[in-house]
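In what follows, a single structure is set out as structure tokens and then discussed.
Starting from 1, each residue takes its place in the sequence as its number.
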Amino acid sequence: MSLSRKRVLVGDSDEIVLALTLHILQRQGYEVDVTTKPQEFSEKLHAREYHAVLVDPNLSPQGLKWVKSLLAEFPGVCSRLIIATAAPKHDLTVCATLPKPLEFGLLIATVEACVKK
């Protein structure tokens with residue numbers, strides 16, 4: 001993926017968080033795709049390759065079980081996946097976990113570190 005603009009996929013059921021995250025990441029120069037629907041999130045992962053993938057497990061009613069199924073379907077995403085959640089304890093191997101509510105300085109630093117991997 002040698003592109004000038006790094007691509008980030010963001011999935012969150014909270015449209016306000018999604019809009020703020022979109023704005024902040026775009027201001028940092030990222031190309032950002034967003035969705036509030038789990039099916040669309042999966043479709044976007046099928047359609048494009050992303051440098052970082054940020055998701056709140058609560059995007060789906062199945063929560064972490066849904067995220068585990070995504071990781072099984074897209075095993076290469078593990079090293080680029082950032083989980084954003086109010087319940088940060090989980091057993092998934094991912095790039096990072098961010099506590100919610102999001103602290104946007106930490107979000108920027110985490111996405112930047114994930115993209116560099």
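Note that CD of Glu112 and CD1 of Ile108 are 9.0 Å apart. Values are rounded to the nearest 0.5 Å. Taking CZ of Phe74 as the start and OH of Tyr50 as the end, the distance is 10.5 Å to the nearest 0.5 Å. For the atom pair Thr110 OG1 and Leu98 CG, the distance stands at 4.5 Å (nearest 0.5 Å). Going from atom CG of Leu25 over to atom CG of Leu9 covers 11.0 Å, rounded to the nearest 0.5 Å. Considering CG of Leu70 and CD of Gln62, their distance stands at 10.5 Å, rounded to 0.5 Å. A distance of 8.0 Å separates NE2 of His23 from CG of Leu20, quoted to the nearest 0.5 Å.
Two different hydrophobic clusters hold Leu59 and Leu102 under the rule that ILVMFWY side chains link at heavy-atom gaps under 4.5 Å. In terms of hydrophobic clustering, with Ile, Leu, Val, Met, Phe, Trp and Tyr side chains grouped at heavy-atom distances under 4.5 Å, Val94 and Leu45 are assigned to a common cluster. Linking ILVMFWY residues whenever their side-chain heavy atoms come closer than 4.5 Å, directly or via other members, leaves Leu54 and Leu71 in distinct clusters. Leu107 and Ile82 fall within the same hydrophobic cluster, where Ile, Leu, Val, Met, Phe, Trp and Tyr residues are linked whenever their side-chain heavy atoms come under 4.5 Å apart, directly or through other members. Grouping the Ile, Leu, Val, Met, Phe, Trp and Tyr side chains by contacts below 4.5 angstrom, directly or via other members, places Val55 apart from Leu106.
Considering only heavy atoms from C-beta on, Arg80 stays 4.5 Å or farther from Cys95 through its side chain. Side-chain contact check for Leu22 versus Leu18: every heavy-atom pair is 4.5 Å or farther apart. Between Tyr30 and Val10 the shortest side-chain heavy-atom distance does not fall below 4.5 Å. Taking 4.5 Å as the limit, some side-chain heavy atom of Asp12 sits within range of a side-chain heavy atom of Lys100.
Glu40 and Val34 make their closest contact through OE2-O, 4.3 Å (heavy atoms, listed as atom of the first residue, atom of the second, distance). For the residue pair Trp66 and Pro57, the shortest heavy atom distance occurs at CE3-O, 4.1 Å. Heavy-atom minimum distance, Ser79 versus Cys114: O-SG, 3.8 Å.
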Quiz prompt | Residues His46, Glu73; criterion side-chain contact (heavy atoms from CB on, under 4.5 Å); working and verdict | solution = CA-CA 10 Å; His46 273 290; Glu73 187 175 354; 2.6 Å; yes
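Between Glu31 and the choices Gln26, His51, Arg5, Arg48, the side-chain hydrogen bond (donor to acceptor under 3.5 Å, both in side chains) rule is met once, by Arg48. Among Val67, Leu92, Thr97, the single residue meeting the side-chain contact (heavy atoms from CB on, under 4.5 Å) criterion with Leu81 is Val67.
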